[in-house]
Number of protein chains: 2
Amino acid sequence: MPTLIDLQKLLCPDLLKAMQRRYRILHTIQLLEPIGRRSLAEQIALKERIVRTELDFLTQQGLLSVSTKGVSLTPSGKEVLSELTPYIEEVNGFRVLEEQIKQTLKLDHVIITPGDSDSQDWVKLDLGRRASEFLRTQLKSNQTIAVTGGTTMATVAEMIQPLPNVANCLFVPARGGLGERVENQANTICAEMAKKIKSNYRLLYVPDPLSEETYHSIIHEPGVKDVLQIIRQADIVMHGIGDALTMAKRRKTSDHVLAKLSSGNAVSEAFGYYFDRLGQVVYKVRTVGMQLEELSKIKTVIAIAGGESKAAAIASYFRQGKSNVLITDEGAAKALIKGFPFR
Amino acid sequence: MPTLIDLQKLLCPDLLKAMQRRYRILHTIQLLEPIGRRSLAEQIALKERIVRTELDFLTQQGLLSVSTKGVSLTPSGKEVLSELTPYIEEVNGFRVLEEQIKQTLKLDHVIITPGDSDSQDWVKLDLGRRASEFLRTQLKSNQTIAVTGGTTMATVAEMIQPLPNVANCLFVPARGGLGERVENQANTICAEMAKKIKSNYRLLYVPDPLSEETYHSIIHEPGVKDVLQIIRQADIVMHGIGDALTMAKRRKTSDHVLAKLSSGNAVSEAFGYYFDRLGQVVYKVRTVGMQLEELSKIKTVIAIAGGESKAAAIASYFRQGKSNVLITDEGAAKALIKGFPFR
DNA sequence: AATTCCCGGGATAAATTCTATCCCGCCATG
DNA sequence: CATGGCGGGATAGAATTTATCCCGGGAATT
């Protein structure tokens, strides 16, 4: 028994595309509001005259309000967007994709957002928003959440909203500081998330990576030892998946290690582990924090990564990865299913 | 919780309009196939170039097949049309209209078809089709069906299809012959319906109307007496509702009777009864056959009438009418609800 | 066999809509 | 005060839609 969408795909496919386009416009406005026509046009790769036509129409329908600062969603615009989301996902065939990936990678949950983070910034924001919404469904009072750093995790912190029914949680960084911008460091993200949902946090002031000598010395520091203990007892972990060489360079890895990663055909990186296409660990940097083996004991491990170019890294990580939830975008999902690079 | 249609009405009303137009095209083709572009354009009041564009698209989508005789629905075209019907009715708000009329006229069932029979012939055909489909849901083996004459009833006979699960039914004319074309007479319609569903029929060879003297004589004729007995025991009655003066003229009513109908402000006619706007009987012609009072004893009495111009007659009849099912069209339904002429 | 009617496919011209691009004044921010 | 981003205004060219008509083929009717 076909749904209305199945019938409309056959009877007026062009107009479904129009619906998708308007949804995308509203959705992007929701993430970036208030935003002007030209910026929006740039974000969603449409000419400004076309965006204007659509904005005029949506405003006329009462879904947008216009000011000199830009356009924003009205309350009914927000409601329409929210109610429409499942239908748009049905149009996009996301349910099918989610199920395929779920079974292929043997996961408990897969969530796919529209777009491709490689092309549009708002897609990564949306990943963050969906990840925080998923966290909301899982989180209970008095729980401990360990989070990693990275740009995608930064969007989770940016998009997370207060959780009224949850109290007295504890956020900890899953690993030490990174050689990157402070706002993408686990400590910063951890603190921001904790503040936003009015919970506590502990920070980890250790370099990452570090020498064996320093490692053996630093793990006995009381301030470090305590946090490590908390990290190991986390109920939920949220982490990104990185492209191996990109992450290595970002972390100012030495030339000889870079050479090793290259010769080992490293594809992905998570928690200091570098994996090749088959999921084999080709390098491990010494870190203070959550270790890959420890993930097996944790009930909810959420991986967040998107972009078509990340598909290989995602597939590589999940060959051995212990995460049981993936939040990704349409670009990555389709590339995963295309069989590149796995199977 | 809004449906997808509610959301699409707001976000892309053009999509719904296009869907409605394509539905109407497919629907009209189903009723009149095979039909050419120019005829179809005329039927649905669109320019032939526009119809061509739509036909090209629908053919490309596999819903139509094209021959030198005209276009027809493909099997999947028929299926799509069938599956889409409830959605189109939701778009058109027919459910709401049906419910309103059901409650206003205190009926068991109301069925509304798209269009207005005043404007397009295919709408009357569709009334006939829907009426025969409804009959199919009600009819059981060994039942008796009494039918009247008229152009609308003729379309029921034209559109009815064999009923595999029903046997040994008996069709009888609800009243005697009319002063009109033979194909619209109750006898003809009765015979045609019976033949189409492989059942039996009895005919009634009596003039209608007739004098008191002839009446008292003819009702004792064995051939008439038997059929009258069967008519009174009918399980189902299907009848039309006529505009009073139109019917009177069609039946070659005398001038003095016409004057009486006019002075009595007759609005509708059924079973030889002429009703004014308030449902009062202003005139009764003597007929051999089903009488108005006898309808109360019959379980299923189906009235079939459409066209905006018929709304007054429908309302007038139902002020006192004993029918419990109405099958009408959108034009009549909307006029009924507009409060003209009742309430 | 001839004629008529309706068919699909072909075609042109005019009207309408869409699209690309740029400009102006206003407002907020640094 | 300068700068950046905003909405609203505007024109020109491109694309699509719309209106209308014609031709040859096939089927039905006379």
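These numbers come from the heavy atoms of this one structure, side chains and all, not from hydrogens, waters or symmetry mates. Just so it is clear: chains get the letters A, B, ... in the order the sequence lines come, proteins before strands, and each one is counted from 1.
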Pick out the pairs of N or O atoms, protein on one side and nucleotides 20-29 of chain C on the other, that lie under 3.5 Å.
unit_1, atom_1, unit_2, atom_2, d
C:dT21, OP2, A:K47, NZ, 2.9
C:dT21, O4, A:E48, OE2, 3.1
C:dC22, N4, A:E48, OE2, 2.6

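The closest donor-acceptor contact from the side chain of A:E33 to the backbone of A:L73 lies under 3.5 Å. In terms of modelled atom types and a separation under 3.5 Å, the side chain of A:T59 and the main chain of A:S65 share no donor-acceptor contact. Formation of a donor-acceptor pair under 3.5 Å by the B:T155 side chain with backbone atoms of B:E158 is not found in this model. In this structure a side-chain-to-backbone donor-acceptor pair under 3.5 Å is present from B:D118 to B:E308.
Within the structure, every side-chain polar atom (N or O) of B:T53 is placed at least 4.0 Å from both OP1 and OP2 of D:dT18.
Less than 4.0 Å separates DNA chain D from no heavy atom of any residue of residues 12-26 of chain B. For the contact set between residues 55-67 of chain B and DNA chain C, defined by any heavy atom under 4.0 Å, the members are B:V66, B:S67.
Within 6.0 Å of NZ in A:K196 there are more than 12 heavy atoms belonging to other residues, nucleotides or ligands.
Between B:E90 and B:R95 there is no salt bridge, since none of the side-chain N atoms of the basic residue sits less than 4.0 Å from a carboxylate O of the acidic one.
Smallest separation of non-hydrogen atoms from B:T328 and B:G306: OG1-CA, 3.8 Å. The two atoms that bring B:L40 and B:I25 nearest to each other are CD2-CG2, 4.1 Å, heavy atoms only. In plain terms, the two heavy atoms of A:I304 and A:A131 that are nearest each other are CD1-CB, 3.7 Å.
Judged by distance alone, the side chains of B:T53 and B:D56 never bring a donor and an acceptor atom under 3.5 Å apart.
Rounded to an integer number of Å, the gap from A:I29 CD1 to D:dG5 P is 18 Å. Per the geometry, CG belonging to A:L40 stands 13 Å off C1' belonging to D:dC6, to the nearest Å. Distance, A:E42 CD to D:dC6 C1': 15 Å, rounded to whole Å.
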